[in-house]
Amino acid sequence: MPMSKPPNLFLILTFTINLCFAELPSFREAPAFRNGRECPKTAWSALDKKIHNPSVIHIAMTLDTAYLRGSIAGVFSILHHATCPENIVFHFITTHRRGAELTRTITSTFPYLNFHLYHFDTNLVKGKISSSIRRALDQPLNYARMYLADLLPAGVRRIIYFDSDLIVVDDVIKLWSINLGSHVLGAPEYCHANFTNYFTSKFWSNPIFTASFRGRSRNPCYFNTGVMVIDLWKWREGKYTEKLENWMRIQKRYRIYELGSLPPFLLVFAGDVEGMEHRWNQHGLGGDNLEGLCRALHPGPVSLLHWSGKGKPWFRIDSKKPCPLDSLWAPYDLFHHPSLFSDS
């Protein structure tokens, strides 16, 4: 049997260096968005440790070079449809040592935005991440949503977490105002999905593992972690980051799932989630995790479009192979196309 060729370390090193030092994409400046007359006047400081102002909407998103264009479009869509855009505080999470550049990019694109940038230490998940069916799901930043309670100031009681491949086409205050009741987390649930498919036979054949779903308020259902409303105070009290990490350690040893950071959330929260209308996560528009084929909208009203899956609208648009629904994302794309704005 012939030996496989060893990887070209020079090419790998060159690619890594280019990725680290490549210029960030440039974006057009967004218009200023101002509050409506009915909006309460608010002020929020990261120094407020215990004061919770429900009129201030806190949103967390990740920032990286590959998805920056999606993040910018997402922010633009949120501001565009918000009644009280000046009452929104964005909390951006990044692993890059390019915080100053990312800050300049956000500031130049949204000069009036109230935002904070946080560095996610990838050592927190070093040795805990297992390979999945798609490389993008294995990136450390994909796991940052597990550590929001540690990253964000103690005064942030509630947070909306958004993935970087979505746009909001409704007033985000409607999502913010959802009553979580006694639950830690709220998200649209999809109980028609075959829940058994999210775990391997090794999981389902082990009664100790399956016992983790006993005692839940309802039967466990699939939910997508790209749109979540989280009570961070309850999260901290319940030490849910530790519970998620524990399942990641079990996964490293027994290989009980294949889908990145999603299954630990299902293991900890499924069956104990505050359900929300499906309109708040029309997900799967990026197709599956292997081919990323075009998909249609699910039946019903739409407040949020989510290109979860392999296909991202900016990649498909640039490759001249857009899907029909990518045209709904395009109006929020602030990417500065050099060929369109050159002097020649």
Side-chain angles (χ1 to χ4, degrees), residues 15 18-19 22-31 33 59 61-82 90 92 94 96 98 101-102 104-106 108-110 113 133-139 141-142 161-170 172 224-227 260 279-298 301-344:
F15 174 79
N18 287 340
L19 186 63
E23 285 189 20
L24 293 180
S26 60
F27 300 91
R28 305 190 305 277
E29 182 179 320
F33 294 95
I59 297 175
M61 300 177 72
T62 58
L63 291 180
D64 70 350
T65 52
Y67 284 75
L68 183 58
R69 189 166 163 188
S71 299
I72 294 291
V75 172
F76 185 29
S77 71
I78 294 165
L79 297 173
H80 182 77
H81 294 281
F90 285 88
F92 296 120
T94 181
H96 289 287
R98 305 177 68 174
E101 290 179 83
L102 287 169
R104 283 196 296 271
T105 297
I106 297 297
S108 63
T109 308
F110 302 104
L113 194 69
I133 61 174
R134 186 159 61 90
R135 183 176 295 179
L137 300 177
D138 302 337
Q139 301 305 310
L141 198 58
N142 198 41
Y161 175 82
F162 282 147
D163 269 350
S164 297
D165 52 1
L166 56 78
I167 56 172
V168 177
V169 292
D170 202 345
V172 74
N224 180 279
T225 56
V227 178
R279 67 189 302 151
W280 284 108
N281 197 349
Q282 282 270 351
H283 68 291
L285 304 186
D288 60 22
N289 282 301
L290 298 176
E291 297 183 69
L293 301 177
C294 298
R295 285 187 178 175
L297 285 174
H298 304 292
V302 180
S303 293
L304 184 150
L305 298 160
H306 186 189
W307 278 261
S308 58
K310 185 178 181 180
K312 304 305 175 188
W314 56 95
F315 291 139
R316 296 196 292 216
I317 289 171
D318 287 352
S319 65
K320 309 299 183 184
K321 297 178 181 178
C323 291
L325 290 178
D326 295 345
S327 63
L328 300 177
W329 180 89
Y332 302 97
D333 183 18
L334 295 175
F335 178 65
H336 187 286
H337 293 271
S339 60
L340 298 179
F341 296 93
S342 63
D343 294 331
S344 58

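For the numbers below, each heavy atom of this structure counts, side chains included, while hydrogens, waters and symmetry mates do not.
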**Prompt:** Residues two or more places apart in sequence or in another chain: which of them pass side chain to side chain contact (heavy atoms under 4.5 Å, CB included) with Ser303?
**Reply:**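 Ser303 satisfies side chain to side chain contact (heavy atoms under 4.5 Å, CB included) with Asp170, Arg279, Trp280 only.
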**Message:** Taking the side chain as everything from C-beta on, heavy atoms only, tell me whether Arg295 gets closer than 4.5 Å to Leu325.
**Reply:**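 When only atoms from C-beta onward are counted, Leu325 and Arg295 do not touch, as no gap falls below 4.5 Å.
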**Message:** Could you check whether any side-chain heavy atom of Leu293 comes within less than 4.5 Å of a side-chain heavy atom of Asp288, counting everything from C-beta outward?
**Reply:**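 No, side chains not in contact.
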To the closest 0.5 Å, what do you measure between [atom1] ([X]) and [atom2] ([Y])?
X      : Y      : atom1 : atom2 : value
Glu101 : Leu24  : CD    : CG    : 5.0 Å
Ile59  : Leu79  : CD1   : CG    : 8.0 Å
Asn281 : Leu305 : CG    : CG    : 9.5 Å
Leu328 : Leu285 : CG    : CG    : 8.5 Å
Asn142 : Asp163 : CG    : CG    : 7.0 Å
Thr225 : Tyr161 : OG1   : OH    : 7.0 Å

**Request:** Just jot down the side-chain hydrogen bond (donor to acceptor under 3.5 Å, both in side chains) partners of Thr105, sequence neighbours excluded, or say none.
**Result:**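 Not a single residue meets the side-chain hydrogen bond (donor to acceptor under 3.5 Å, both in side chains) criterion with Thr105.
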**Request:** Please state whether the rings of Phe110 and Phe76 are parallel, tilted or perpendicular, taking 30° and 60° as the class boundaries.
**Result:**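 Phe110 vs Phe76 ring planes: tilted.
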**Message:** Check the orientation of Trp314 and Trp329. Use parallel for under 30°, tilted for 30 to 60°, and perpendicular for over 60°.
**Reply:** tilted
**Asked** Can you name the residues that form a salt bridge (Lys or Arg N to Asp or Glu O under 4.0 Å) with Arg316, not counting sequence neighbours?
**Response** Asp326
**Request:** For Asp64, check salt bridge (Lys or Arg N to Asp or Glu O under 4.0 Å) against everything at least two apart and list the hits.
**Result:** none
**Message:** Suppose we screen for ring-ring contact (aromatic ring centres under 6.0 Å, His included). Which residues come up paired with Phe92, at least two apart in sequence or across chains?
**Reply:** Phe90, Phe115
**Request:** Provide the full list of side-chain hydrogen bond (donor to acceptor under 3.5 Å, both in side chains) pairs with a residue in residues 72-81, sequence neighbours left out, each pair given once.
**Result:** His81-Tyr332
